[in-house]
2 protein chains.
Amino acid sequence: MIRIVLLGSGKIAKHLYAAFSAQPEITIVQCYNRKGTKLSHDQADESVTRDYTSLKEADIYVMAVSDDAIEEVSSHLLFNDRLVVHTSGSVPMQTIHSKHNRGVFYPLQTFSKTTSVDFKTIPVCIEAENNEDLILLKKLGSLLTNKVHVISSEQRNVLHVAAVFANNFTNHLFTIANEICCDNDIPFEILHPLIQETITKIIKISPKSAQTGPAIRNDVSTLKRHQQLLTDTTQREIYQTITKAIQSTYGKKL
Amino acid sequence: MIRIVLLGSGKIAKHLYAAFSAQPEITIVQCYNRKGTKLSHDQADESVTRDYTSLKEADIYVMAVSDDAIEEVSSHLLFNDRLVVHTSGSVPMQTIHSKHNRGVFYPLQTFSKTTSVDFKTIPVCIEAENNEDLILLKKLGSLLTNKVHVISSEQRNVLHVAAVFANNFTNHLFTIANEICCDNDIPFEILHPLIQETITKIIKISPKSAQTGPAIRNDVSTLKRHQQLLTDTTQREIYQTITKAIQSTYGKKL
């Protein structure tokens, strides 16, 4: 049995609450957040506290709080030498107060407030100061998913940048594609199968092998026509920047 | 029964050959390409020609040839007043020689040489000079897929730009994410579930509503740290350009 105290009340705290609760080998001893908010409607009132002094003993204290709050929350925890982890993709483990045995339990996924997720498909990146704690985090992760990766703070830092490219930035490109469709009375749904196939391809073969389009073909007349069509200067700037990047990656010049 | 002459020997010609052949209500009367290449190993030798003068009569001549060849191939067709269509996302219908009844039959998908596709999931954009031909193209499209859209040359032109953002450019961002992972001994597979969820979200809700990340949160310290981590100037330029675009879309400033 792994005993957890879960701190925080945001999206990740709620998703972790649901995932931990579903496992018979995990007990959520207590939850903490500033307002004493329950993380689920079926949670008992007395299992939530907003008082650091009443925190119970547990095997792992999981701080699912915002990046900026990690240092402060960890310093408010009154005990020493217990395993305290954060769940952030971009904050170094060392940000946690040094009186604790420090660790990281970072589920690499984009969470929604409303949609539930299947934790089995989510990679969890773990890190710990000492080996015993790493084994415990590995056990905790393995109860939720079969994708547990030991990732150092330095690796997690760059992984977060990679995730920004793969999720936030691609999402913005889809937003632009959506806008272009809307402005021309074309249903955006017409692009859904192409988008799904883009993903299927990069998962089957590498994205580098999957690259197609006018930039890699150096199809100068199409590139020129597209830029003339783009009246929005920001869209045109992105078009030019990524076209140039594709051509430099594959050794072609505009 | 719709009788087709299929011109070209590239990826789209082969995928269309497979899709048309599978339909009992479509007959591929003949194929034409410069080298007389068969489009499938089970195709009869005599059904392929490389001689324009021996082209047979058909209801639709489908030119699945490269964008640059459309004008020339259409002018080589010796007959007049028959329905001749191209399959391109970016070439105006008017590029086809004016002696023909012109049209477009554009399957909006990224095709691989090796992987077969389920045509049922692919949107087909059609256009024709006259209404009777449009009805015939609609019938042809409906035999392959339930996603047939009447799209004008102007709309198709901008749709192609949108597809470049949604497919080619996102693919390049995945390439960068892959490179960042490789350079830091992180398996790229760790990002696959995040990437799949990105797509699931934009299909469920709009990409604009799905936007997350340090740019939209205006998380200045993360944005700064990420840019310091990116030693590749092209990657940094893309990071800055898209971050700026996200912030201007959602009304925030760096």
Side-chain angles (χ1 to χ4, degrees), chain A residues 90 108-110 121-123 149 151 155 157-159 161-178 180-181 184 186 190-199 201-203 206-208 210-215 222 226 229-230 234 237-238 241-242 245-246 248-249, chain B residues 90 108-110 121-123 149 151 155 157-159 161-178 180-181 184 186 190-199 201-203 206-208 210-215 222 226 229-230 234 237-238 241-242 245-246 248-249:
Chain A
S90 56
L108 204 172
Q109 186 52 284
T110 169
T121 65
I122 298 179
H149 299 266
I151 295 284
Q155 284 177 312
N157 211 5
V158 291
L159 184 56
V161 187
V164 164
F165 277 92
N167 166 239
N168 305 154
F169 286 178
T170 55
N171 188 77
H172 189 64
L173 298 189
F174 294 134
T175 302
I176 292 175
N178 193 355
I180 294 173
C181 286
N184 293 279
I186 302 163
I190 207 171
L191 288 174
H192 285 175
L194 175 72
I195 291 170
Q196 188 51 63
E197 183 65 13
T198 308
I199 306 313
K201 262 185 165 179
I202 67 145
I203 288 175
S206 75
K208 200 163 177 180
Q211 190 65 53
T212 59
T222 301
H226 283 179
L229 281 171
L230 292 168
T234 306
E237 197 185 343
I238 292 178
T241 306
I242 303 186
I246 292 172
S248 96
T249 302
Chain B
S90 55
L108 202 173
Q109 187 51 285
T110 169
T121 65
I122 298 179
H149 299 265
I151 295 284
Q155 285 178 310
N157 212 5
V158 291
L159 184 56
V161 187
V164 165
F165 278 92
N167 166 240
N168 305 154
F169 287 178
T170 56
N171 188 77
H172 189 63
L173 297 189
F174 295 133
T175 303
I176 292 174
N178 193 357
I180 294 173
C181 286
N184 293 279
I186 302 163
I190 207 171
L191 287 174
H192 286 173
L194 176 71
I195 292 169
Q196 188 52 62
E197 182 66 13
T198 308
I199 307 314
K201 263 186 163 179
I202 66 145
I203 288 175
S206 75
K208 201 163 176 182
Q211 189 65 54
T212 58
T222 300
H226 282 179
L229 280 171
L230 292 168
T234 307
E237 197 184 343
I238 292 178
T241 306
I242 304 185
I246 291 173
S248 95
T249 302

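Just so it is clear, the values below take in all heavy atoms, side chains as well, and ignore hydrogens, waters and symmetry mates.
- Of the atoms belonging to B/Thr234, it is side-chain heavy atoms, and not backbone ones, that fall under 4.5 Å from chain A.
- The candidate with the highest count of non-hydrogen atom pairs below 4.5 Å against chain A, out of B/Gln109, B/Glu197, B/Gln155, is B/Gln109.
- Between chain B and the residues A/Ala163, A/Cys181, A/Ser206, the largest count of heavy-atom pairs under 4.5 Å involves A/Ala163.
- Interface residue B/Ile203: backbone and side-chain heavy atoms are both found under 4.5 Å from chain A.
- For B/Leu229, the part lying near chain A is the side chain, with the backbone staying farther off; criterion is any non-hydrogen pair under 4.5 Å.
- Contact tally against chain B (heavy-atom pairs below 4.5 Å) for A/Thr241, A/Ile190, A/Ile199: the top residue is A/Ile190.
- Contact count against chain A (heavy-atom pairs under 4.5 Å) is highest for B/Leu159 among B/Thr222, B/Ile151, B/Leu159, B/Thr121.
- The two residues B/His192 and A/Ile202 make their nearest non-hydrogen contact at NE2-O, 4.4 Å.
- At a 4.5 Å heavy-atom cutoff, the contact between A/Val161 and chain B is made by backbone and side-chain atoms alike.
- When all heavy atoms of B/Ala166 and A/Ala177 are compared, the closest pair comes out as CB-CB, 4.0 Å.
- Counting only heavy atoms from C-beta outward, the side chains of B/Leu194 and A/Pro123 never approach each other to under 4.5 Å.
- No side-chain heavy atom of A/Leu191 sits less than 4.5 Å from a side-chain heavy atom of B/Asn167.
- No side-chain heavy atom of B/Asn184 sits less than 4.5 Å from a side-chain heavy atom of A/Asn157.
- The distance from the OG1 atom of B/Thr110 to the CD1 atom of A/Ile195 is 12.5 Å, given to the nearest 0.5 Å.
- For the side-chain hydrogen bond (donor to acceptor under 3.5 Å, both in side chains) criterion with B/Asn171, the lone passing option out of A/Gln211, A/Lys201, A/Lys208 is A/Gln211.
- Annotation for B/His172 and A/Thr249: closest pair CE1-OG1, 3.2 Å, computed over non-hydrogen atoms.
- With respect to chain B, the highest number of heavy-atom pairs below 4.5 Å among A/Ile122, A/Leu230, A/Thr212 belongs to A/Thr212.
- Here the straight-line distance linking atom CD1 of B/Ile176 with atom CZ of A/Phe169 works out to 9.5 Å at 0.5 Å rounding.
- Side-chain contact between B/Phe165 and A/Ile238 is present, with heavy atoms from C-beta onward closer than 4.5 Å.
- Contact count versus chain A (heavy atoms, under 4.5 Å) is highest, among B/Ser90, B/Ala162, B/Pro193, B/Pro207, for B/Pro207.
- Contacts of A/His149 with chain B are made by side-chain atoms alone, with heavy-atom separations under 4.5 Å and no backbone atom involved.
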